[in-house]
Amino acid sequence: GTRDQVRAVGSSTVYPFAKAVAESLAKADPSLKSPIIESTGTGAGMKLFCAGVGAQFPDIENASRRMKKSEFEDCAKNGVKDIVEIQVGLDGVAFAEAQGGPGIALTPEDVYKALAKNPYGKPNTAKTWKDVNPSLPAEPILVYGPPSTSGTRDALKELILTKGCDENAEMKALKDSDKDKHDKVCGEVRDDGAYVDAGENDNLIVQKIEANPKAIGIFGYSYLEENKGRIKGLTMKGVEPTYATISDFTYPGARPLYIYVKKAHLKAIPGLQAFVTEWSKLWGKDGALAKLGMVVAPDDVLAGSAKAVNDLPVLDGSQLK
Amino acid sequence: MSPAILLLLAFGLSLFGWLAARSRAWAFRKSASGVRLHSLPNFHGWYVALWIGVPALLFAVLWNTISSTLITAHVMADPAASLLPGFGFERETMLAEARAVAEGKAFGVFNEEAQGLIAPYRTAITLYDSIGLIVTILVGFAGGAFAFLRLKPDFTARTRVERAVMALLLIASLVAILTTIGIIASLVFETVRFFGMVSPIDFLFGTHWSPDPMSSGAPNGKDYGAIPLFWGTIYIGAIIAMIVAIPLGLMSAIFLTQYASSGVRKVMKPLLEILAGVPTVVYGYFAALTVAPMVRDAAQAIGISSASTESAVAAGLVMGIMIIPFVSSMADDSIAAVPQAMRDGSLAMGATTAETITKVLVPAALPGIVAGVMLAISRAIGETMIVVMAAGASANLTANPFESMTTVTFQIVAMLTGEGSFDHPATLSAFALGMVLFLVTLTLNFIALRVVKRYREAYE
Amino acid sequence: MNAEAIKTEVKADDRPYFDAPSKMSAKNVSVFYGDKRAIDDVSIEIPQRYVTAFIGPSGCGKSTFLRSLNRMNDTIANARVEGEILLDGEDIYKSGMDVVQLRARVGMVFQKPNPFPKSIYDNIAYGPKIHGLTGSKAELDEIVEQSLRRAGLWDEVKDRLADSGTALSGGQQQRLCIARAIAVDPEVILMDEPCSALDPIATARIEELIDELRGRFAIVIVTHSMQQAARVSQRTAFFHLGKVVEYGKTSDIFTNPREERTKDYITGRYG
Amino acid sequence: MNAEAIKTEVKADDRPYFDAPSKMSAKNVSVFYGDKRAIDDVSIEIPQRYVTAFIGPSGCGKSTFLRSLNRMNDTIANARVEGEILLDGEDIYKSGMDVVQLRARVGMVFQKPNPFPKSIYDNIAYGPKIHGLTGSKAELDEIVEQSLRRAGLWDEVKDRLADSGTALSGGQQQRLCIARAIAVDPEVILMDEPCSALDPIATARIEELIDELRGRFAIVIVTHSMQQAARVSQRTAFFHLGKVVEYGKTSDIFTNPREERTKDYITGRYG
Amino acid sequence: MTETVPTTQLTEVQAQRRTRMAGVLARRRAADRRFRWLGFIAVAFSALMLAFLLVNMSSAGVAGFQRSEVRFDIPLAGSMQIDSRRLTQSDPMGGLELAGLEKVVEGAAKKAFGPDADDLVAQGAWREVASALIDDPSLLNGTYHASLPASDDLASAQRGEGDAAMQQVAKKLVREGKLVRTFDKGFLSRSDATSPQSVGIWGALKGSMLTMFITLVLAFPVGVLSALYLEEYAPKNRWTEWIEISINNLAAVPSIIFGLLGLAVFLGLFPNYRSAPLIGGMTLALMTMPVIVISGRNAIKAVPPSIRDAALAIGASKVQVVFNHVLPLALPGILTGTIIGMARALGETAPLLMIGMRAFVASPPSGFTAPSSVLPVQIFLWSDEIDRGFVERTSAAIVVLLVFLLLMNGLAIYLRNRFEKRW
Ligand SMILES: Nc1ncnc2c1ncn2[C@@H]1O[C@H](COP(=O)(O)OP(=O)(O)OP(=O)(O)O)[C@@H](O)[C@H]1O
Ligand SMILES: Nc1ncnc2c1ncn2[C@@H]1O[C@H](COP(=O)(O)OP(=O)(O)OP(=O)(O)O)[C@@H](O)[C@H]1O
Ligand SMILES: [Mg+2]
Ligand SMILES: [Mg+2]
Ligand SMILES: O=P([O-])([O-])[O-]
């Protein structure tokens, strides 16, 4: 059988942007049926996406991280060979607190020391920010952040914690000698109550830190943008999380968002090509996605992505981790 | 041929057979007066109708599954098919497009290559449709003729039709068993895979839960200790919720059955039942947005600074409210099952209503009430939306009800809709958790039903 | 009890029935279920220390009237009583009346034995406990033993007081219920067809027991068996269609009924 | 029916009871509920065109035996019948027997009137309809009217055939049930205490009806009232503890019982 | 047998006991009253919670049926090169787009609100103008008094949230009567969208209806037939005991596990129908079926055995007894149970999350196999939206769902009262 509407699955982070693209496509070309976007989470989406080629399998995977090698192999095993990877934008992992909060100046290193389970291999005993860095206030460490099942958490790990960790030369060396151990020491988050898993609903984190000015929240940048009046971003190495700083990577919390497209479906599913093209129309600086809180990727990346939309290069599995 | 047409055809033929057989049976009666038919003419009708309808339907279903393969094979033999791309999805799509046009479901094709296939499709479809039609009719006729020839005045049509009815009833009730098997089958495979990666001992007895779905390398069994989840589940569902639901439910049942006037009962009983009818997603929203902040503020006001917005209390409280009608209706039933004579006996001794309830009715109904509570617990620990929306994600092993806790159902949803890949033990743990949940509720129900049964029998 | 005994019994009570002092008296009592009048203007005296039998065809209102004597009718939502029922001269339907205390004074035994699903001991102890009759465990033990003895059940159950009351045989259960009623030391005992669920042997035991008990209590018994009424009672009231057709000494009613309807009923013309 | 009539009745039938041709006969029938033997080796003949009464104390197995005569026992999961029961010489428990047809031939009326919650007309018409007795509406109307007439109910209900059967009074309901049983033109009618839920007047109506019907059917009636047995039956079987103690002409049983136990029961020594 | 002379005097022991009894009486009375109060409080508390929940939800929901609209005039006469006849042909929307309606609307907005008008009027709002024109082509010749959805930013500014500058603008416009909050008719006829200003509930509602239809068609017959089998025919053996156990157990299996079943089995069998009401309905049918079986069995049990005896004794066969008498009498009870089971299914969320019904579907489903959402899932999705405008919309969706559930519960209660004890 066949299908006459595009189907995309995957990340809940990309979901609102994909929705907007779908809506825009449906308006632009009423003859096409509106694409179906399902928010399954990147992992579950990958499983669906890689299950095979055919009408019953999704055409597009939205991802808030890069495809993993294991997933690529799974795809290949099921006959999903030609995959096009397109980076559509950025998401910032922002640190924020209530409007009336003290406004701590953070660095990745401090965050690592405050939140890692075993900073530099030793159990974390820090109770207050002062314990981490004497120049910080003696406020207790209380951070609300995303749960381990979410992409934002993965980004936190990769973009902040590991970076902070690697500022220590020993750890950097460890990376080459014992990668698994390095992952553990640098990536594991403490679970003694200083870091609180706040569930998938980022709105709740916003509410929580609003209610507790001493707490810090970690979430996708779009939430900061949307709740500007109620919370404010915290500087990281002196850089404030803003649109500009995230998109030029001066704020260290930016992570790329991708869509993966099955080449084999391009000819078979009406509207798929148009949908991908629609992304490229909306992801620019003045595009609709930026208004929704997506951070626009730097110009060179965008240029590359635009080229990818045209040329549809096939993803090379050997680059993946 | 659309399945609907074959279906209609089978029904039409059956109706025809029904009418024919019925009039034949009437004829028996008329011709030989004094002969009593064994079965009513209607039953003769049904007998023949079944013999026509069932084989025709079976054939129609069969034909429906094979005809499309036959049609495709026929089309592939056409020269136009050689233009198709060699293999795979595109080719399938084009075939499907051509077919859709040929069947009149679509007006044009999206790929030009499909254009040439429309005509071959038309011929093939016409051909196989007519074959299907004719064979269906033949099968129906054959069955009908066989049945029709057996009709005679003392033919036991009723017995036979009733046997068919019985078979239908039996099949219907087997659906339940199939469902149970389906549930077990859909859990067991992934569960086994999970236990291949994480030892069941670590899983069932470990006290630390922090699987990382993004981690690579061999999983650390130490991170898969599900005790905090079990604890959270029990604490929220079986302790906090029950502390709310049991007294309120039991006292409501007692008030409504023993004290309230029939007018009050008529109004209040259905009102309370509405509490059970409110969707859990609404409760979840209510818990997350209204109750949780209230609870946190209240707790902070009395000096519990660690109070979390996602406290176990908030979720448990709302869950308890949801369960009230469940407990009260079970208690109501059990109290009603205590014979009126017990109540009369006690009142005739000069006991007050309260004494009668607490000293006679409730003790006598206790097994039923306990069973009801067990069912309520199994309901509460399986509840998903409230905890997904209002309970936390942190697997705390704590007795402080104002802290955030997580539950089995929460983790199932989180893992299955999360970031991890599907071959990762963290994701697979959802199935193992589902299995545990299933087995626990199964046990609770099994015990509860046994208790109820034994105790009901005691009075019957 | 044999046929001779019945004879003697009836003899011994050969005084006019209004001689006996009255324990309870009903004056122009009517009972309604909703709009339906089940008892119609009944006046009757229940004498002290006698057994009074209510007989009559099914549905004539015997049970209804009996239940109005200790206000068990209150438990039926739409039941309503008119007229006066006096216990020792006090109207039991007067507004300040405490039904709890009334029922302690006017006990009741039902058609089907209804022991509580508790131990034999607790079955008996229930009444004294809730009424606060005893101060100590010893006193309570005393009451339990005495009640069981009086009900003629002590020897059969003294070694198994902790067993459940429901584990006894039907006849024993009924005696247990009688013992339970006695335990709060009532003044009147009402029995609604106490033997109809029992076999002949158990029935005979209960009848004997009733005879022994009447020395202490006023007893009212509803029965559908005229033979039983003749055997155990000294006074008989014949009910028909909600009215008392005839009330008098049992011996008179059975040997020399004044009313035609009574005669017809007793000779089995109907019912 | 008055006392004189009963007398005459019994007189008219003053032949030895084995003279009457037998419609059904039970040979060494035992009925078990699980392991419990409720009927123990009973042999009895049900004569054509007579009324046979089963009497005996509660629980002696009257109903059990009655229900085994039209295999209503089949509906009780653990009930099992041994021995032979013949209807016109054919064993009703033989393997090929169609119970549906058997029950159309041996009808039954129950203790509590149990009309269907349908119209009076449909109550009667149901049987003829499912047995295909009629070809046309007119024929069916005819059957309904006739059955109601025979049951003595026609005049009371002819204007309200569309009313629900449950809206009738108890006695009318019971006659409706009898009419319903008659409507399928059975050969035997079994009645299990058909009057025990009725008042005396309704009872008298039913007894009259039974007397009228016996000209056409063999009738078996279970009753707990010896008076009733004496009034309506020509043959009486006295059951006790699952056995038939005595079976014979009603007049003999009541005036001159052969067995001591029968005598005791009849004179009210027990039960 | 001796006659003692009857007296009415109490013995000393009796008299003593009477005083004791009277002594504790007041306390016992008080205890009885307290107990009664406790019961009353329990009922009252439960009722209050219900009231609180309903009022809480619906008061927030009322705002969700409204949206912010900006009002300005669009002079249409002569502004576009389009013939009103074009509007009756196919694709009139395309015609208006070609004719430059978007620019016209934009221009009018700029005239009314200044150069920042783009930020005030929702994107694509011109389509609403287009729809109005298609409905009534005569408008082309006059000035159209437009009331178009405000942009998300302006809408939240009107609620007093977000950017301070925008809030000033909103205040000014409100004063001028150019910005109003007004009842949003479209909420009940549109489907899901990105902006809270343009979402609607109809798509999810239709999805729910389609799903419920499948559930009913599958669960009702199977449930009723199983109930009949178990209650009327099933011999007591190990097989039927297994059936009983599984049914009773299925009634209590957590709903999420049915979701896992649907994911593994139904989506395994019909991978094409992910997110479709067909699969959702099948999954929910398995959940609802045991509820129907259990209530059906109770209803069947309540049919007095005397009715069965009566029919059997006239020579009705077992099947005739069941289908002519038992089933019709039990039907009201079965229907009550079915409605309650369906109401539960209508509110069910968790299993549907597992089978892909949490998709963004911008148009109402066209059939049983088209991807779709359902009301409770829509609520769940909206509750997770970033934009704060969704908070009210979520409550409004909850109100819609609750209305349906209350109607169903009401119907069940009515049925139960109406047909309670007919015999
Ligand atoms: N709760 C009730 N509601 C309405 N009517 C009732 C109720 N209880 C009894 N009745 C009716 O009141 C009348 C008298 O009933 P009652 O039970 O007092 O008769 P009875 O003489 O005890 O009969 P039986 O010998 O069968 O026990 C009967 O017509 C009965 O139907
Ligand atoms: N379904 C059953 N299962 C087990 N035992 C039963 C069942 N029905 C009746 N019995 C027992 O079989 C015996 C005979 O019962 P049956 O009902 O035939 O007595 P009966 O003479 O009709 O009594 P009654 O006059 O009370 O109607 C009794 O001991 C009874 O307890
Ligand atoms: Mg009575
Ligand atoms: Mg009987
Ligand atoms: O759903 P996420 O993969 O973006 O967390």
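Throughout, a chain's letter reflects where its sequence line sits, starting with A, and its residues are numbered from 1. Everything quoted here is computed from the prediction, not taken from an experiment.
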J.: So which of C:R103, C:M72, C:R67 has the largest heavy-atom pair count under 4.5 angstrom toward chain B?
T.: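 Result: the option with the highest number of such pairs is C:R103.
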
J.: Check whether the side chains of C:E139 and C:T134 place a donor and an acceptor atom closer than 3.5 Å, and report yes or no.
T.: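 Their side chains do not contain a donor-acceptor pair, so the 3.5 Å distance test is not met.
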
J.: Against chain C, label B:S346 side chain, backbone, both or neither, depending on which of its atoms sit under 4.5 Å from a heavy atom there.
T.: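 Contact with chain C involves both backbone and side-chain atoms of B:S346.
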
J.: Using only atom types and a distance under 3.5 Å, with no angle test, would you say the side chain of C:Q228 pairs donor to acceptor with the backbone of C:T223?
T.: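 No, because the side chain of C:Q228 does not come within donor-acceptor range (under 3.5 Å) of the backbone of C:T223.
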
J.: Report yes or no: is the cationic atom of C:R180 (NZ for Lys, CZ for Arg) closer than 6.0 Å to the six-membered ring centre of C:F116, at no more than 45° off its axis?
T.: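 Yes, a cation-pi geometry.
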
J.: Answer with side chain, backbone, both or neither: which region of C:K118 has an atom nearer than 4.5 Å to a non-hydrogen atom of chain B?
T.: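 The answer is the side chain of C:K118.
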
J.: Looking at C:K129, C:H131, C:M108, which has the largest count of heavy-atom pairs under 4.5 Å with chain B?
T.: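 When all of C:K129, C:H131, C:M108 are compared, C:H131 has the most.
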
J.: Honestly, is B:R379 close enough over B:F326, meaning NZ or CZ under 6.0 Å from the six-membered ring centre and within 45° of the axis?
T.: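 Relative to the ring axis of B:F326, which defines the angle, B:R379 lies inside both limits.
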
J.: Is it the side chain or the backbone of C:V184 that comes within 4.5 Å of chain B heavy atoms, both, or neither?
T.: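 Interface part for C:V184: side chain.
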
J.: At a heavy-atom separation under 4.5 Å, does C:P113 approach chain B through its side chain, its backbone, both, or neither?
T.: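 Contact with chain B is absent: no heavy atom of C:P113 under 4.5 Å.
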
J.: Would you say the side chains of C:S63 and C:D192 form a donor-acceptor pair under 3.5 Å?
T.: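 Side chains of C:S63 and C:D192: pair found under 3.5 Å.
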
